[in-house]
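The structure appears below as structure tokens.
Keep in mind it's a predicted model, so treat the numbers as computed, not measured.
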Amino acid sequence: MSSPGSGRRMVSAYINPPSGEVIRRWCSEQFHDSRTAHRQSTITTSAGPTHVLALGDTHEPGPVVVVVPGTNMNTAALLPFLAELATRYRVIAVDIPGQPGLSAPQRPTRDRTDWYGRWLDEVLEQTVPDTAVLLGHSLGGAIALVCSSPRVGGRVLIAPAGLVRLAVPPRLLVATLAWLAAPSRDHTSSLLQAMTGPARTVAPHLVDWMTLVARYCRSTLAPAPLNPGVLERCRSAPCVVATGSHDIFLPPRRLEPAVHDLLGTELRVLPSCGHLALDDDPAGVVELVDDLTGRL
């Protein structure tokens, strides 16, 4: 396999090497303290070493659900959702290279989407023996859309990037700038509350995590909308697309026309959820997976 930086200008997810150590230590502590049975491994890909988390009964019939997190998220931050999903499915979850977590820290400065698509193809080749259902959130949704592996039997996309540009209302911009300029639990809580359903409470571990991200990491913007030809190819496999009724980045009115026109399916709306639907309503997201797997 080619080296992670082959022919590309790369940048680290961390502001310096000690910052990466802080992030890796937090992730490792989450796994050490977790009461959910899991298996960790590292595989080699063209994007660098990739952290893989396996959960659930390996003898469970049916497809493996492969979870691809969103921007600034990883397997450690998603443990509560992954634990719920693993009560029904064999689960593989990955840390995206170039995002904070336990995978390689380097990412390209441009043209990342195709790079990530090839990376996920390689991940499936090494971890999934037969059929996979890709569950992608936000950035992970865009990566799931560009993945062309023949192992993909279907996709569940939660507030996926790659279909339309994300909305950034003024109140979100103000909260984001405060979070980045002066990292604190209060600023993090304000930002996450804007991304959470109004009747939901932000999980304390997410406040801890995103405060570390602001202090030690270089965040990324959402990818631009994908080429329509790529999205047309995705119609060959069943797809369920959903967003929260209160998603601040991708509200239903913004996402629905693109889902219908580009993917040929209807948008599902998760009541009372914001952008962080995997934390707002994990059971509701698992039901969407149930719906998808019932068609395979």
Compute the centroid of each ring, for H51 and then for F31, and state whether the two points are separated by less than 6.0 Å.
yes
Does any non-hydrogen side-chain atom of L135 lie less than 4.5 Å from one of L85?
yes
Between Y14 and Q99, which heavy-atom pair has the shortest distance, and what is it?
OH-O, 4.2 Å
Note: D57 and R90 closest approach over all heavy atoms is O-CG, 2.7 Å
How long is the span from the CG atom in L270 to the CG atom in D280, to the nearest 0.5 Å?
9.0 Å
Pairing donors with acceptors under 3.5 angstrom, does anything connect the side chains of S148 and D121?
yes
If two hydrophobic side chains count as joined below 4.5 Å and joins carry through other members, does L226 share a cluster with V68?
no
Q126 versus T45: any side-chain heavy-atom pair under 4.5 Å?
yes
The single option from V22, T188, N72 passing side chain to side chain contact (heavy atoms under 4.5 Å, CB included) against L212:
V22
Grouping I, L, V, M, F, W and Y whenever their side-chain heavy atoms are under 4.5 Å apart, do L139 and W119 come out in a common cluster?
yes
Nearest heavy-atom neighbours spanning M195 and L172:
CG-CD1, 4.4 Å
More than 12 heavy atoms from other groups under 6.0 Å of CZ on R233
yes
Residues in side chain to side chain donor-acceptor pair (under 3.5 Å) contact with D291, at least two apart in sequence or another chain
R268, R295
Quick one, P100 and W209 - any side-chain contact, counting heavy atoms below 4.5 Å?
yes
Student check: side-chain heavy atoms of S189 and V202 closer than 4.5 Å
no
Shortest non-hydrogen contact from P257 toward R254
CD-O, 3.8 Å
d(L55 CG, L79 CG) to nearest 0.5 Å is 7.0 Å
Let me check something: do L157 and F249 share a hydrophobic cluster, defined by ILVMFWY side-chain heavy atoms less than 4.5 Å apart, either directly or through other members?
yes
Pair I158, L288 - check side chain to side chain contact (heavy atoms under 4.5 Å, CB included), show working.
CA-CA 10 Å; I158 309 299; L288 296 176; 3.7 Å; yes
Do you know the tightest heavy-atom contact between G101 and R24?
O-CG, 3.6 Å
Pair N16-S19, side-chain donor/acceptor within less than 3.5 Å
yes
Do V164 and L262 make a side-chain contact, defined as non-hydrogen atoms from C-beta onward lying under 4.5 Å apart?
no
Give the minimum heavy-atom separation between S149 and L124, together with the two atoms involved.
CB-CD1, 3.7 Å
Does A161 offer a backbone N or O that forms a donor-acceptor pair with the side chain of S138 under 3.5 Å?
no
Compare all side-chain heavy atoms of V91 with those of V67 and state whether any distance is below 4.5 angstrom.
yes
Check the hydrophobic clustering (I, L, V, M, F, W, Y; side-chain heavy atoms under 4.5 Å; chains of links allowed) and say if L276 and L82 are grouped together.
no
Do S103 and V94 touch side chain to side chain, with heavy atoms closer than 4.5 Å?
no
Starting at CG of L53, measure out to OG1 of T127 and round the result to the nearest 0.5 Å.
12.0 Å
Going from CZ on R253 to CG on D247, what distance comes out if it is rounded to the nearest 0.5 angstrom?
10.5 Å
Give a yes or no on whether a salt bridge exists between R235 and E232, defined as a side-chain N under 4.0 angstrom from a carboxylate O.
yes
Do you reckon I143 sits in the same ILVMFWY cluster as V66, going by side-chain contacts under 4.5 Å, direct or chained?
yes
Kindly say whether C273 contributes a backbone atom to a donor-acceptor pair with the side chain of R200 at under 3.5 angstrom?
no
So do M73 and L206 actually touch side chain to side chain, heavy atoms under 4.5 Å?
yes
Flag, side chain of H205 to backbone of A77, donor-acceptor distance under 3.5 Å:
yes
